[in-house]
Amino acid sequence: MGRYSFSYSLVFTTIFSTFPLFITTIFLCGSTLQTKVESLPLSTNGRWIVNEDGKRVKLACVNWVSHSETLLAQGLNKRPLNDISKSIKDMGFNCVRLTWPILLATNDSLASITIRDHFSSLGLVQTIIDIQKNNPSIVDLSLIKAFQEVVKSLGEKEVMVILDNHVSQPLWCCANNDGNGFFGDKYFDPDLWIKGLSKMADMFKGVSNVVGMSLRNELRGPRQNVPDWFRYMPKGAEAVHAANPNVLVILSGLSFDNDLAFIHSHPVTLSFKGKLVFELHWYSFSDGNIWTSMNPNQACGQITRNVMRKAGFLLDQGWPLFVSEFGIDLRGSSVGEHRYFNCFMALASGLDFDWTLWTLVGSYYLREGVVEMNEYYGILDTDWSHIRNQDFLQKISAIQLPFQGLNSPEAKHDKVIFHPLTGLCVLRKSHFGLLSLGPCPNSEGWEYTPQNTLSIKGTRFCLRAHKEGNLAKLHKKCTNFNSKWELISDSKLQLSSKIRYNSSVCLDIDSNNIIVTNACKCISIDNTCDPASQWFKLIDRTKS
Ligand SMILES: *[C@@H]1O[C@H](CO)[C@@H](O)[C@H](O)[C@H]1NC(C)=O
Ligand SMILES: *[C@@H]1O[C@H](CO)[C@@H](O)[C@H](O)[C@H]1NC(C)=O
């Protein structure tokens with residue numbers, strides 16, 4: 001988490017109503033592509049991450065902060081560790097990106113301090129009482145033993161772990177001038193970094209749910225440069241692999257992990273194969289104020305092209321891309337973040353990349369001097385047992401499951417029509433050709449033909465516009481201009497058809513999520529409008 005300065009106050013209530021965890025279970029459908037912990041370790045096959053059986057495993061992770069000055073995974077003052085691990089699984093995440101500082105691995109006198117003594121030295125007296133109450137078996141463990149217990153608890157719930165070296169020193173991350181940003185910075189000694197990576201990799205050798213290590217979070221600052229990146233990152237990767245050949249090695253780019261463009265014409269060469277993954281961070285604030293200052297279609301178009309140029313090209317080159325941080329303030333009141341997130345969902349579903357949400361954390365023990373700081377980006381609320389924003393979790397549940405797998409000879413290919421705003425897909429609702437939004441796994445396969453018709457595969461039915469403000473329905477007559485659909489606007493997310501030879505409409509939803517056509521909204525110029533109800537993404541799907 002970087003570059004953004006939060007002005008959080010001590011607020012323990014949220015304006016969103018919260019729901020108990022069990023409500024989420026209705027969104028969790030089993031998938032044949034999901035993995036069990038026993039088919040680990042993971043490796044790569046082209047742009048996909050795969051398990052031992054060669055089946056695709058989509059990493060749908062959540063960040064769990066354990067790198068800051070308290071050095072303990074957050075939330076253990078609020079709930080028992082095993083309950084938090086279970087909630088992660090119940091919310092549909094299959095892995096955790098667990099953050100740690102180098103000193104935890106390299107400074108034995110620090111690592112061996114007990115939680116009780118460490119929190120006591122930080123003056124967190126009440127926090128100790130609360131950890132004692134919720135996690136009595138942890139409070140007197142050493143910091144390193146507690147870290148291992150967190151990994152173990154996740155493993156027992158079949159949650160995979162990516163160990164993310166976030167910083168050198170235990171502190172909140174990330175600023176340009178915090179001395180932890182780039183090789184050679186005050187607190188970023190490359191040799192100590194390699195030693196710490198090796199020790200951590202070795203410590204978790206044989207712990208099967210530890211499937212990857214991300215080598216360093218958000219490289220940044222005045223010292224950052226490409227030659228040093230190529231000098232040190234492959235060394236770190238080799239050190240990790242030598243200590244623990246099972247784990248994926250995950251490399252971050254420059255500029256707060258917003259930029260991997262320098263790899264485009266200069267591939268990374270390592271002595272081993274099948275373990276290399278790249279990571280990208282993408283927040284609304286990664287792009288200044290573009291989301292509010294520009295027309296949303298144009299902003300989404302421009303930023304999508306940027307993301308492709310800076311990192312998305314790696315997928316085409318045959319490397320997995322892991323978007324290891326994204327997220328929004330879950331109070332949901334920011335117009336810019338709303339636009340960013342819908343655009344994110346369109347790209348995330350279309351590319352079907354692996355990802356980690358920022359963040360699990362409902363509140364911090366201590367952050368930037370504030371005790372019990374609320375985390376508005378946290379999927380859990382400050383009590384760590386309620387979901388902060390159920391709507392948001394429902395939306396991302398659509399991208400927790402993979403759309404695509406590996407292209408085996410038996411695989412069948414079709415498309416779904418995804419609606420980023422709701423996280424739902426266009427489904428046939430009745431015999432009368434009525435269409436509505438529903439869960440993507442329930443979607444029949446669509447086909448987008450060279451004649452620009454959108455038809456349900458294996459049937460004669462195609463999508464047809466009627467009139468502005470009317471239903472768009474399935475029909476068997478598919479040759480007229482009102483059954484031809486083009487992807488328009490700079491975002492290429494609006495599906496438009498002509499209803500007369502000179503008049504167009506766009507696919508849209510009504511207030512009951514029924515598919516209709518309306519006048520095309522917000523095509524350009526205006527930066528106050530919101531086209532999101534009209535954004536649809538045609539997604540390739542593979543069925544094994
Ligand atoms: C190691 O940790 C101890 C205990 O926190 C601290 O006093 C010491 O300064 C640390 N050493 C280094 C090199 O950071
Ligand atoms: C579009 O067609 C309608 C009737 O077919 C006509 O009245 C109108 O002037 C046309 N508009 C344009 C911009 O050509």
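For ligands, and for the atoms within them, numbers begin at 1 and follow the listed sequence.
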message = One thing to verify: whether Lys205 and Asp202 come together as a salt bridge, which I'm taking to mean a side-chain N less than 4.0 angstrom from a carboxylate O.
response = yes
Would you mind listing each N/O atom of ligand 1 next to any protein N/O under 3.5 Å, plus the distance?
{"residue": "ligand 1", "atom": "2 (O)", "partner": "Asn107", "partner atom": "OD1", "Å": "3.2"}
{"residue": "ligand 1", "atom": "2 (O)", "partner": "Asn107", "partner atom": "ND2", "Å": "2.4"}
{"residue": "ligand 1", "atom": "11 (N)", "partner": "Asn107", "partner atom": "ND2", "Å": "2.8"}

ask   = Quick one: are Glu279 and Thr356 in side-chain contact, heavy atoms under 4.5 Å?
value = no
ask   = So, Ser168 and Trp193: side-chain donor and acceptor under 3.5 Å apart, yes or no?
value = no
task = I would like to know whether Leu380 and Leu360 meet side chain to side chain contact (heavy atoms under 4.5 Å, CB included); could you show each step before the answer?
result = CA-CA 6 Å; Leu380 293 179; Leu360 173 71; 3.7 Å; yes
inquiry  = Under the rule for salt bridge (Lys or Arg N to Asp or Glu O under 4.0 Å), what residues qualify as partners of Lys152, not counting sequence neighbours?
reply    = none
Side chain to side chain contact (heavy atoms under 4.5 Å, CB included), paired with Val211, selected from Val247, Asn246, Ile162 = Ile162
